[in-house]
**Q** 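Dropping a structure here in structure tokens format, bear with me for questions.
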Amino acid sequence: MIVDLFDYIACYKGLHPNLDTAIDWLNSHTLDALENGKTIIDGDKVFVNVMDADLREAEGAAFEYHRRYADLQINLTGSEHWGWASEGKDEGAFDEAADCGFKSGAEHVGGVLGGGRFAIFFPGELHKPSCKTPGCDHVRKAVVKILMK
């Protein structure tokens with residue numbers, strides 16, 4: 001997991017070629033100008049989903065995880081709480097086609113997106129995005145999906 005200010009995203013170039021592609025694209029495009037939906041950046045290797053999202057209560061919400069893709073999450077409006085856990089109990093079967101599974105467990109670390117911050121959750125990392133913050137129950141966000149495996 002990486003959490004930082006968007007101003008410093010270029011510091012993470014060199015970790016993976018597809019992450020480099022995402023960073024270069026993000027630094028040359030305006031996310032606010034994108035319509036909601038999927039925008040292809042580099043085939044199935046790098047793409048971005050822009051969405052309006054109603055936020056949920058963090059208490060009792062499941063963690064998601066992926067096996068092939070990293071999530072680079074950026075809020076375009078509003079703020080959201082995210083949680084991270086090192087372990088959890090399986091909640092149903094992993095969906096290979098969607099590259100998504102869910103686990104329940106205790107949150108070990110958390111933070112807030114918005115205000116120019118981003119978070120990258122790598123394959124296998126349990127993360128709980130889209131949770132309410134005080135005074136905010138809806139965001140517009142971009143999730144860049146980055147093929148890592």
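Throughout, numbering of the chain's residues begins at 1 and tracks the sequence. Everything numeric here is computed off the predicted structure, so don't read it as measured data.
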**Q** How close do Ala22 and Val46 get, heavy atom to heavy atom, and via which atoms?
**A** CB-CG1, 3.8 Å
**Q** Counting only heavy atoms not in Lys103, do more than 12 sit closer than 6.0 Å to its NZ atom?
**A** yes
**Q** Tell me whether Met148 shares a hydrophobic cluster with Ile23, the cluster being built from Ile, Leu, Val, Met, Phe, Trp, Tyr side chains joined at under 4.5 Å.
**A** yes
**Q** Nearest 0.5 Å, what's the CG-CG distance between Leu76 and Asp32?
**A** 5.0 Å
**Q** Given Lys145, which of Asp44, Asn49, Ile41, Val48 fulfils the side-chain contact (heavy atoms from CB on, under 4.5 Å) condition?
**A** Asn49
**Q** Taking the ring of Phe121 and the ring of Tyr69, is the distance between their centroids below 6.0 Å?
**A** no
**Q** Nearest heavy-atom pair of Leu5 and Gly115: which atoms, and what distance?
**A** CD2-O, 4.2 Å
**Q** Without swapping roles, check the side chain of His127 against the backbone of Glu125 for a donor-acceptor pair under 3.5 Å.
**A** yes
**Q** Look only at the side chain of His66 and the backbone of Gly124, and say whether a donor-acceptor pair between them is shorter than 3.5 Å.
**A** no
**Q** Examine the side chains of His81 and Thr133 and answer whether a donor and an acceptor come within less than 3.5 Å of each other.
**A** no
**Q** Given the rule that I, L, V, M, F, W and Y join up when any side-chain heavy atoms are under 4.5 Å apart, are Tyr12 and Phe122 in one cluster?
**A** yes
**Q** Where does the angle between the aromatic ring planes of Tyr65 and Phe94 fall among parallel (under 30°), tilted (30 to 60°) and perpendicular (over 60°)?
**A** tilted
**Q** Quick one: are Val3 and Trp82 in side-chain contact, heavy atoms under 4.5 Å?
**A** yes
**Q** Using side-chain heavy atoms (C-beta onward) and a distance below 4.5 Å, is Leu19 in contact with Ile120?
**A** yes
**Q** Consider only side-chain N and O atoms of Asn36 and Asp52, and report whether a donor and an acceptor are under 3.5 Å apart.
**A** yes
**Q** Is the Trp84-Phe63 ring centre distance short of 6.0 angstrom?
**A** no
**Q** Sequence neighbours excluded, which residues qualify as salt bridge (charged side-chain N to carboxylate O under 4.0 Å, His left out) partners of Glu107?
**A** Lys128
**Q** Hey, quick one: are Ile40 and Leu147 part of the same hydrophobic cluster, counting side-chain heavy atoms closer than 4.5 Å, chains of contacts allowed?
**A** yes
**Q** For Asn27 and Ala10, which heavy atoms make the closest approach, and how far apart are they?
**A** ND2-CB, 4.4 Å
**Q** Could you check if a side-chain atom of Glu80 sits within less than 4.5 angstrom of a side-chain atom of Cys131, using non-hydrogen atoms only?
**A** no
**Q** Looking at every non-hydrogen atom in both residues, tell me the closest pair between Lys141 and Ser130 and how far apart they are.
**A** NZ-OG, 3.4 Å
**Q** Locate the shortest heavy-atom distance separating Leu126 from Gly88; write the atom from each residue and the value.
**A** CD1-N, 3.6 Å
**Q** Report yes or no: does Arg68 contribute a side-chain atom to a donor-acceptor pair with the main-chain N or O of Ile146 at less than 3.5 Å?
**A** no
**Q** Without swapping roles, check the side chain of Asp90 against the backbone of Gly92 for a donor-acceptor pair under 3.5 Å.
**A** no
**Q** Does Leu26 reach the side chain of Leu72, with side-chain heavy atoms less than 4.5 Å apart?
**A** yes
**Q** With hydrophobic residues grouped by side-chain heavy-atom distances under 4.5 Å, do Phe118 and Val112 end up in a single group?
**A** no
**Q** Only one of Ile74, Asn75, Val144 passes side-chain contact (heavy atoms from CB on, under 4.5 Å) with Leu31; say which it is.
**A** Ile74
**Q** Using atom types as modelled and distance alone, determine if a side-chain donor or acceptor of Asp95 lies under 3.5 Å from a backbone N or O of Ala98.
**A** yes
**Q** Just verifying a value: how many Å separate Ile2 CD1 and Asp4 CG, rounded to the nearest 0.5 Å?
**A** 8.5 Å
**Q** List for me each residue that meets salt bridge (charged side-chain N to carboxylate O under 4.0 Å, His left out) alongside Glu57, sequence neighbours excluded, and say none if there are none.
**A** Lys132
**Q** If you look at every heavy atom in Ala106 and Ala85, which pair is closest and at what distance?
**A** O-CB, 3.3 Å
**Q** According to salt bridge (charged side-chain N to carboxylate O under 4.0 Å, His left out), who are the partners of Glu96, at least two apart in sequence or on a separate chain?
**A** Arg67
**Q** Hey, any chance Tyr8 and Leu113 share a hydrophobic cluster, counting ILVMFWY side chains that come within less than 4.5 Å of each other, even indirectly?
**A** no
**Q** Would you indicate whether the side-chain heavy atoms of Arg140 and Val50 approach each other to under 4.5 Å?
**A** yes
